[in-house]
Amino acid sequence: MRLRTDVLIRLQKKLAKKILICPLTKEGERGKINSTSSSVPPILNPKNSPWLIAATDLGIKGDTFKAAIVVYELKVFSDRPPSLELIDEVVYRGNTSSIRFPYIPGFLSFREIPPLLKAFKKLSVSPDVILCDGQGIAHPRGVGLASHLGLTLRKPSVGCAKNKLCGNYGLLPPQKGSWVPLVYDGLTVGVVYRSRTGVKPIYISPGHLTDIPSSIALVELCLGRFRIPEPLRRAHILSNSL
DNA sequence: GCGACAG
DNA sequence: ATCTTGTCGC
Ligand SMILES: [Mg+2]
């Protein structure tokens, strides 16, 4: 039997109004005005380090699913590359049969959030921001997985997807670090970002309590030698291991 | 009606 | 996402 999406669509439209797009800051600094009034993301300022970066992913293998959360401590320096140190990891296992929704493009959050919330209950630390395997506001109704999770947990979140859900964009140079706006319905909702030279790009969009510049900066600071930022890569591996 | 379509 | 080994290319 087909899933009735009309109720879900109404909920998404209501949630969309609650999403806040602003520079990424720590909870205590939220709402304060930039002392320098500059457009430089606060996370790039060494003075604001360290940051606790969480990443989440869900893996389904046969009759078992695993919701994984990893937490890294990010330190930004003025005279050397940023450092990432693994702080904590948790995995919540459950029966695949307990997953209430099938996968339908545009409604991924309803399928993945319940298991992810279970995993968050096992987490003892409180991250400053959550990286999600999926879109943020780059969504037909502006509420992708990252946005929905951020709103639910009342925490900053960033969407980092391996594929596009919606929107259009122009030619993207092959060099690592290049990016172009991702436009949907006349609005720039994120960017298509080249994390590795000559490699398929990733799709970055703000989830909640962050903006596009801060989202790009966060992902860049978390990149290692792979296409996917290290925390998300680790969460993905963890959610698929034994 | 047709094409697009996160994980 | 999952099902799956070796193989092609930089
Ligand atoms: Mg995933």
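Here is how names work: the chains are called A, B, and so on, in the same order as the sequence lines, proteins then strands, and each is numbered from 1. Source: prediction; values computed, not measured.
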Note: A:K162-A:D133 ion pair, threshold 4.0 Å (strictly below): yes
Can you measure A:I237 atom CD1 to B:dG7 atom C1' for me and round it to whole angstrom units? 17 Å
Separation of A:L182 atom CG from B:dA6 atom P, in whole Å? 13 Å
Rounded to the nearest Å, what distance is computed from the CD1 atom of residue A:I202 to the C1' atom of nucleotide B:dA6? 14 Å
Looking at DNA chain B, which of residues 129-143 of chain A put a heavy atom within less than 4.0 Å of it? A:D133, A:G134, A:Q135, A:H139
Send over the distance from A:L116 CG to B:dA6 P, rounded to a whole Å. 18 Å
Going 5' to 3' on DNA chain C, which nucleotide is the first and which the last to come under 4.0 Å of a heavy atom in chain A? C:dA1 to C:dC3
Reckon A:N240 touches a base, only the sugar-phosphate, or nothing at all at heavy-atom distances under 4.0 Å? sugar-phosphate
Side-chain heavy atoms of A:P229 within contact of A:C160, under 4.5 Å: yes
Ignoring backbone atoms, establish whether A:K164 has a side-chain N or O less than 4.0 Å from OP1 or OP2 of B:dC5. yes
A:F101 has an atom CZ; how far is it from atom P of B:dA6, in whole Å? 18 Å
Decide if the gap between the ring center of A:F110 and the ring center of A:H148 is smaller than 6.0 angstrom. yes
Between P of B:dG7 and CZ of A:F110, the distance in whole Å: 18 Å
Does A:N163 put a side-chain nitrogen or oxygen below 4.0 Å from OP1 or OP2 of B:dC5? no
Just call it for A:G159: base, sugar-phosphate, or nothing, with non-hydrogen atoms closer than 4.0 Å on any strand. nothing
Counting only side-chain nitrogens and oxygens, does A:Y203 get under 4.0 Å of the OP1 or OP2 atom of B:dA6? no
Under 30°, 30 to 60°, or over 60°: which ring-plane class applies to A:F65 and A:Y92, parallel, tilted or perpendicular? tilted
Are a donor atom and an acceptor atom from the side chains of A:S126 and A:K155 found within less than 3.5 Å of each other? yes
Could you give me the CA-CA distance, side-chain angles and deciding distance for A:H208 and A:L20, then say whether side chain to side chain contact (heavy atoms under 4.5 Å, CB included) is met? CA-CA 6 Å; A:H208 181 46; A:L20 191 54; 3.9 Å; yes
Could you tell me if A:R233 sits above the aromatic ring of A:F226, with its cationic atom closer than 6.0 Å to the ring centre and no more than 45 degrees from the axis? yes
Between CD1 of A:I99 and C1' of B:dG7 the distance, given in whole Å, is 11 Å
Is there a side chain to side chain contact (heavy atoms under 4.5 Å, CB included) between A:K200 and A:R194? Walk through the geometry before answering. CA-CA 7 Å; A:K200 180 180 180 181; A:R194 190 83 72 181; 5.7 Å; no
Runs of at least three consecutive pairs that involve DNA chain B, where pairs are Watson-Crick or G-U with distances under 3.5 Å: none
Does A:H236 reach a base, just sugar-phosphate, or nothing at all? Heavy atoms under 4.0 Å. sugar-phosphate
With heavy atoms under 4.0 Å as the rule, sort A:F107 into base, sugar-phosphate or nothing. base
Determine whether A:I69 and A:L74 fall in the same hydrophobic cluster, where Ile, Leu, Val, Met, Phe, Trp and Tyr are linked whenever their side-chain heavy atoms lie under 4.5 Å apart. no
Does NZ or CZ of A:K26 come closer than 6.0 Å to the centre of the six-membered ring of A:W51, within 45° of the ring's axis? yes
Base, sugar-phosphate alone, or nothing: which one does A:I60 contact when heavy atoms must sit under 4.0 Å apart? sugar-phosphate
With no hydrogens and no angle check, just 3.5 Å: does a side-chain donor-acceptor pair link A:Y184 and A:Y169? no
Whole Å only: how far is the CG atom of A:L149 from the P atom of B:dG7? 16 Å
Looking just at side-chain N and O atoms, do A:N95 and A:S98 make a donor-acceptor pair shorter than 3.5 Å? no
